Trainee: 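Pasting in a structure now, in structure tokens, and then I'll have a few things to ask.
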Amino acid sequence: MREPTYFVLAALLAGPLHGYAIIKRAEEMSEGRVRLATGTLYTALDRLTDEGLVRLVSEETVGGRVRRYYGLTDDGSAALRAEALRMAEAARLVTGEEPGQVASRLRRKPRTA
Amino acid sequence: MSAQPAGQPRPRSGRDLSGVLERRCRRLMRVYPAAYRREREDEIIGTLLDATPGGRSWPRLRDARALITGGLAARSASNARLSTLTNLRLSVLLGLAIYLSFYVGGYVSYGRGAFAWNRWPTLLPALLIVLVLLLAWLARRIAVLTAAAAAAVVIVVASASAPLVFRTVLVLLLPLVVFTALAMSAQRPPRAWLWLPGCAVAAFLLAGLATAVHWYTAGLYMQDIVFVLLGVVCIAWLVVDARPAIGLASFFLLLGLTSLADDLIVMPGPDTVAVLSAMWPLLAIVLALAVPAAWRLRRQARHRQPTQ
């Protein structure tokens, strides 16, 4: 999973968000590393929706324009968690932290924002 | 320039700039397929305007670049929604359309040096073929079938007095019948493709007219230039769609096969080996177009959603 995809999914962990909110949340979570362009975000959302990892949750009209909210599916949550575990295991090779510590921390329910 | 951060409400003085920015963003959105734009354009524009810092009348370079690549990706995805068989049928239909355009130019020139505008039997088949091509894209199936039947009758009548009726049947009537049969399917070729046979008709008309007034070399050069350009465009088009390249390859293949039929069956010459070896350049062009296009078509099929 590429880093922008990871942070798009991670941005939705706390609940459904609209496009601009996903861009801002991904930037915050990655500490400014992932700055998604709008076209890139919607290409990623289309692909993730096709793969069943993200779904359209609701839509509203703001200032005459449609604003859609996207949320994680169960498969999306599982894929995100699996990727986080994989990265934690890879990090353990370098940091030497016990595998159980990292895994149990990541398997816990995510905090809501 | 204003330092207003992205996502904040724009001041009244910035509304004109915002309108200009929106217009420019909408222009960029034309890279996306029309169906996609109908569904998503307002949403994407809204996000883009929110994400663009205030005081800008142009989208940021990285936003513009992402919109263009996103639009191409959306086009590629929409092309992948059809089965490989349907895509191949549409490609061959395009190839046949270009091939039939060849005969429009041929009918106009009617052999080198013979200006044919005063000969309706040579001009009417050309007009009817153009009509069949247009209707295949734009009209109902019954209209395509009627126009094709009329074209077939006129072609036979016009060539009845010619010494090689068999040749006309082989190289023109048969492709017309196959084209009409392929055009009867429910899936229509995209209208954006119309300019490809349109270019071929224009090239052959120019070449036909040039040869008709004895400018043989200029006519052939114009024809060659148009086909080199078509080849370049079709290869560039592979980024989003393999079908135009396959269409052009099938045109060249058909052209080679009819030349072979001419040289080996209709008017057989003494040197078969020389005839076959003369086909190598054409075969190289066909392969140069078909191999990358087949690879691309395979990728399009791999990304196809199973439910569609």
Side-chain angles (χ1 to χ4, degrees), chain A residues 1-5 7-9 11-12 16-71 73 75-76 113, chain B residues 5-10 15 18-19 21-22 24-26 28-33 35-53 56 59-78 80-81 240 302-308:
Chain A
M1 192 181 284
R2 291 176 58 216
E3 194 177 29
T5 306
F7 278 104
V8 166
L9 293 176
L12 298 173
L17 294 174
H18 59 78
Y20 179 59
I22 297 173
I23 292 174
K24 294 304 290 177
R25 187 88 182 104
E27 189 174 345
E28 284 164 17
M29 292 177 95
S30 66
E31 296 175 337
R33 280 204 317 281
V34 174
R35 291 169 63 230
L36 292 164
T38 304
T40 311
L41 170 72
Y42 283 97
T43 303
L45 285 176
D46 289 342
R47 182 172 49 77
L48 293 170
T49 306
D50 284 347
E51 290 170 0
L53 304 182
V54 164
R55 68 192 171 92
L56 178 64
V57 174
S58 62
E59 61 179 57
E60 61 182 7
T61 305
V62 178
R65 286 200 189 89
V66 175
R67 177 178 275 180
R68 294 190 172 96
Y69 287 80
Y70 300 88
T73 62
D75 285 350
Chain B
Q8 296 298 309
R10 288 160 195 282
R15 287 207 176 152
S18 178
L21 174 65
E22 180 174 344
R24 286 172 175 158
C25 290
R26 283 192 191 278
L28 274 176
M29 283 290 297
R30 288 181 197 162
V31 182
Y32 286 81
Y36 189 96
R37 285 204 310 273
R38 273 195 296 278
E39 198 183 330
R40 307 288 291 279
E41 182 167 324
D42 276 353
E43 182 193 1
I44 294 177
I45 292 288
T47 303
L48 196 58
L49 294 180
D50 282 344
T52 305
R56 289 188 67 100
R60 289 175 297 188
L61 186 63
R62 69 191 193 91
D63 279 326
R65 196 177 54 217
L67 275 186
I68 291 168
T69 52
L72 293 177
R75 280 187 185 274
S76 183
S78 68
R81 292 200 170 121
V240 290
R302 197 181 297 163
H303 292 147
R304 190 163 69 92
Q305 298 302 304
T307 51
Q308 285 165 325

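This is a predicted model, so every value here is computed, not measured. Numbered from 1 within each chain, the chains take letters A, B, ... in sequence-line order.
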Trainee: So which of B/Asp42, B/Leu28, B/Thr47 has the largest heavy-atom pair count under 4.5 angstrom toward chain A?
Mentor: B/Thr47

Trainee: Indicate the atoms forming the closest heavy-atom contact of B/Ala73 with A/Thr43, along with that distance.
Mentor: CB-CG2, 4.2 Å

Trainee: Just do the salt bridge (Lys or Arg N to Asp or Glu O under 4.0 Å) check on A/Arg65 and B/Glu41 with the steps written out, would you?
Mentor: CA-CA 9 Å; A/Arg65 286 200 189 89; B/Glu41 182 167 324; over 6 Å; no

Trainee: What distance do A/Leu45 atom CG and B/Arg40 atom CZ have between them, rounded to the nearest 0.5 Å?
Mentor: 7.0 Å

Trainee: Please tell me if the side chains of B/Arg62 and A/Arg35 come closer than 4.5 Å, counting only heavy atoms from C-beta onward.
Mentor: yes

Trainee: Looking at B/Asp50 and A/Arg67, is there a salt bridge between them, counting it only when a charged N and a carboxylate O are closer than 4.0 Å?
Mentor: yes

Trainee: I'd like to know if B/Glu39 pairs up with A/Arg68 as an ion pair, taking the criterion as any Lys NZ or Arg NE/NH1/NH2 lying under 4.0 Å from an Asp or Glu carboxylate oxygen.
Mentor: no

Trainee: Could you look at A/Ile22 and say if it's the side chain, the backbone, both or neither that has a heavy atom under 4.5 Å from chain B?
Mentor: neither

Trainee: Can you tell me how far apart OH (A/Tyr20) and CG (B/Leu49) are? Round to the nearest 0.5 Å.
Mentor: 11.5 Å

Trainee: Rounded to the nearest 0.5 Å, how far apart are OG1 of A/Thr38 and CD1 of B/Ile44?
Mentor: 8.5 Å

Trainee: If you draw a 6.0 Å radius around CD in A/Glu60, do more than 12 non-hydrogen atoms from other residues or ligands fall strictly inside?
Mentor: yes

